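Here is the structure we will look at.
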There are 2 protein chains.
Amino acid sequence: MSGTRLDSIDRKILAELQADGRMTNVELAKRVGISAPPCLRRVRTLEDAGYIRGYHAEVDARELGFEVQVFAMVGLQSQAESDLSTFEERCRGWSLVRECHMLNGEVDFILKCVAPDLSTFQTFLTQDLLKADNVASVKTSLVIRGAKDEPGVPFDILENRLTRDA
Amino acid sequence: MSGTRLDSIDRKILAELQADGRMTNVELAKRVGISAPPCLRRVRTLEDAGYIRGYHAEVDARELGFEVQVFAMVGLQSQAESDLSTFEERCRGWSLVRECHMLNGEVDFILKCVAPDLSTFQTFLTQDLLKADNVASVKTSLVIRGAKDEPGVPFDILENRLTRDA
DNA sequence: TTGATGGCGAAATATTATTGCGCGTGTCTG
DNA sequence: CAGACACGCGCAATAATATTTCGCCATCAA
């Protein structure tokens, strides 16, 4: 399944679809240098193998009224596995929390949150996050502005590293 | 242009396309309860108005060999606007840096980085980031595991807040 | 050499996107 | 209060795209 290695065409496909997930299969085929049918087969294979997890429209949060973006560093009282996963489960249930990553170091978790305004976030912070079981400390930092926001894979590096094989 | 307010159908469209950016227009139309032609027109309008910035395949970084994910908190020596934007420009040029946000508080920037392995990241850290002009301090935290990663807009909250109008 | 395997591309078919047009609804205006 | 207008819908027709089918060629192993 995921044991199959990717060749340079597969990587091009992934790079193109990461950049434009709604590209037509004909267009994609043209760009990667093969015809449409095998191109579509490769895409399906990449999807099935889990290289492509899904497709998403990038929606402008600000235009929709989500003006505020906040990073929250969370420290827990207990780092027992069951307590960690309990907290993670909580995070998954909070709509304002868009990302939750467990970290090494002094802080246990970093959360990326969005909110329509500061008071909404403050309410969430005091009523939900700080009151959650096992939460010892929360330090928040407001995002003043974004300079770069391109989640995903740096395919330029991939090509350099793999020029040897395939 | 973006002065036009969205009705509940528009919001449904955005929510659906955020969840599945490759949904066919017929399927989308069915889900939001209108026929295909007006649905497509709405999508185009939303794109042109900037509500939809683009479409992207979600690629599994781990499968592609990017095992390491790191948050880096960066402090600068000077917070003069020109120095800030110089640093931001640098970040845009670094492939390993996928996100760069300016923060309030003690730290000036938070960077989300990916790398194939720890040594690649360490090389980047010491050779590039720490050597960059104006960088005063960098604290890094390795991501141990991800509990939630859904960049985007929490449409469930949007609906609750807007049930009044439209 | 020969048979099996895998991937390609041309052609045919099924889906989907897109355009053009007439209809109904709500609003503004005389 | 009627009529003109603007807006957005949906039907039907057309264009583009996706998807299947099938035969060909290269590679590899026996």
Side-chain angles (χ1 to χ4, degrees), chain A residues 1-60 63-64 155 158-159 162-166, chain B residues 1-60 63-64 155 158-159 162-166:
Chain A
M1 180 176 295
S2 66
T4 51
R5 195 106 208 93
L6 304 182
D7 64 11
S8 101
I9 294 182
D10 289 319
R11 291 195 294 273
K12 271 188 211 163
I13 289 176
L14 291 175
E16 293 289 349
L17 288 181
Q18 178 174 277
D20 178 4
R22 269 209 121 155
M23 187 179 302
T24 306
N25 182 55
V26 255
E27 173 67 17
L28 179 61
K30 197 181 306 171
R31 294 203 189 187
V32 304
I34 58 179
S35 69
C39 184
L40 187 60
R41 281 192 291 261
R42 279 168 180 265
V43 172
R44 293 284 177 264
T45 302
L46 290 169
E47 289 169 355
D48 294 343
Y51 288 98
I52 298 177
R53 288 194 182 180
Y55 301 87
H56 308 282
E58 182 188 349
V59 175
D60 190 316
E63 288 283 334
L64 283 173
F155 281 99
L158 239 194
E159 285 308 319
L162 299 181
T163 311
R164 315 156 194 162
D165 49 58
Chain B
M1 180 177 293
S2 68
T4 50
R5 198 101 209 98
L6 304 182
D7 63 12
S8 100
I9 293 182
D10 289 318
R11 292 195 293 274
K12 271 187 211 161
I13 289 176
L14 291 174
E16 292 289 349
L17 287 181
Q18 178 173 277
D20 178 4
R22 272 208 118 155
M23 189 180 299
T24 64
N25 183 57
V26 254
E27 173 66 18
L28 179 61
K30 196 182 308 173
R31 295 203 188 187
V32 303
I34 58 179
S35 69
C39 184
L40 188 59
R41 283 191 289 262
R42 278 168 181 265
V43 172
R44 295 283 176 262
T45 303
L46 291 169
E47 289 168 354
D48 294 344
Y51 288 98
I52 297 177
R53 288 194 182 182
Y55 301 88
H56 307 282
E58 181 188 351
V59 175
D60 189 316
E63 287 282 334
L64 283 171
F155 281 98
L158 239 192
E159 285 309 317
L162 299 181
T163 311
R164 315 153 192 164
D165 50 60

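Here the structure is a predicted model, which is why all the values come from computation and not from measurement. Chain naming here is simple, since letters A, B, ... match the order of the sequence lines and numbering starts at 1 in each.
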Considering all heavy atoms of both residues, which atom of [X] and which atom of [Y] are nearest to each other, and what is their separation?
| X | Y | result |
| --- | --- | --- |
| B:V26 | B:A36 | CG1-CB, 4.3 Å |
| A:Y55 | A:G21 | CD2-O, 3.7 Å |
| B:G50 | A:D60 | O-CB, 3.4 Å |

Looking at residues at least two apart in the chain, or sitting in another chain, which of them share a salt bridge (charged side-chain N to carboxylate O under 4.0 Å, His left out) with B:D20?
-> none
With sequence neighbours left out, write down each residue that passes salt bridge (charged side-chain N to carboxylate O under 4.0 Å, His left out) with A:R31, or none if nothing qualifies.
-> A:E16, A:E27
Rounding to 10 degrees, work out the angle separating the end axes of the helix from C:dT1-D:dA30 to C:dG30-D:dC1 (five pairs an end).
-> 20°
Just the rounded figure in Å: distance from [atom2] of [N] to [atom1] of [X].
| X | N | atom1 | atom2 | result |
| --- | --- | --- | --- | --- |
| B:N25 | D:dG10 | CG | P | 12 Å |
| A:L6 | C:dG7 | CG | P | 12 Å |
| B:E27 | C:dA17 | CD | P | 10 Å |
| B:M23 | C:dA17 | CE | C1' | 16 Å |
| A:E47 | D:dA18 | CD | C1' | 13 Å |

Residues forming a side-chain contact (heavy atoms from CB on, under 4.5 Å) with B:I9, sequence neighbours excluded = B:D7, B:I13, B:V32, B:I34, B:R42
Would A:R22 and B:L17 satisfy side chain to side chain contact (heavy atoms under 4.5 Å, CB included), going step by step from the backbone distance to the final call?
-> CA-CA 11 Å; A:R22 269 209 121 155; B:L17 287 181; 4.1 Å; yes
Nearest-0.5 Å distance that lies between atom CZ in A:R53 and atom CD in A:E47 = 14.0 Å
Check whether any side-chain nitrogen or oxygen of B:R44 sits under 4.0 Å from OP1 or OP2 of C:dA17, and answer yes or no.
-> no
Assess whether side chain to side chain contact (heavy atoms under 4.5 Å, CB included) is satisfied between B:L40 and B:R44, documenting all intermediate values.
-> CA-CA 6 Å; B:L40 188 59; B:R44 295 283 176 262; 3.7 Å; yes
Criterion side chain to side chain contact (heavy atoms under 4.5 Å, CB included) on B:D10 and B:Y51, from CA distance to verdict | CA-CA 10 Å; B:D10 289 318; B:Y51 288 98; over 6 Å; no
Interface with DNA chain C, restricted to residues 15-22 of chain A and to heavy atoms under 4.0 Å = none
Members of residues 28-43 of chain A that approach DNA chain C, where some heavy atom sits under 4.0 Å away = A:I34, A:S35, A:P37, A:P38, A:R41, A:R42
Main-chain N/O of B:L6 paired to B:R11 side chain as donor or acceptor, under 3.5 Å | yes
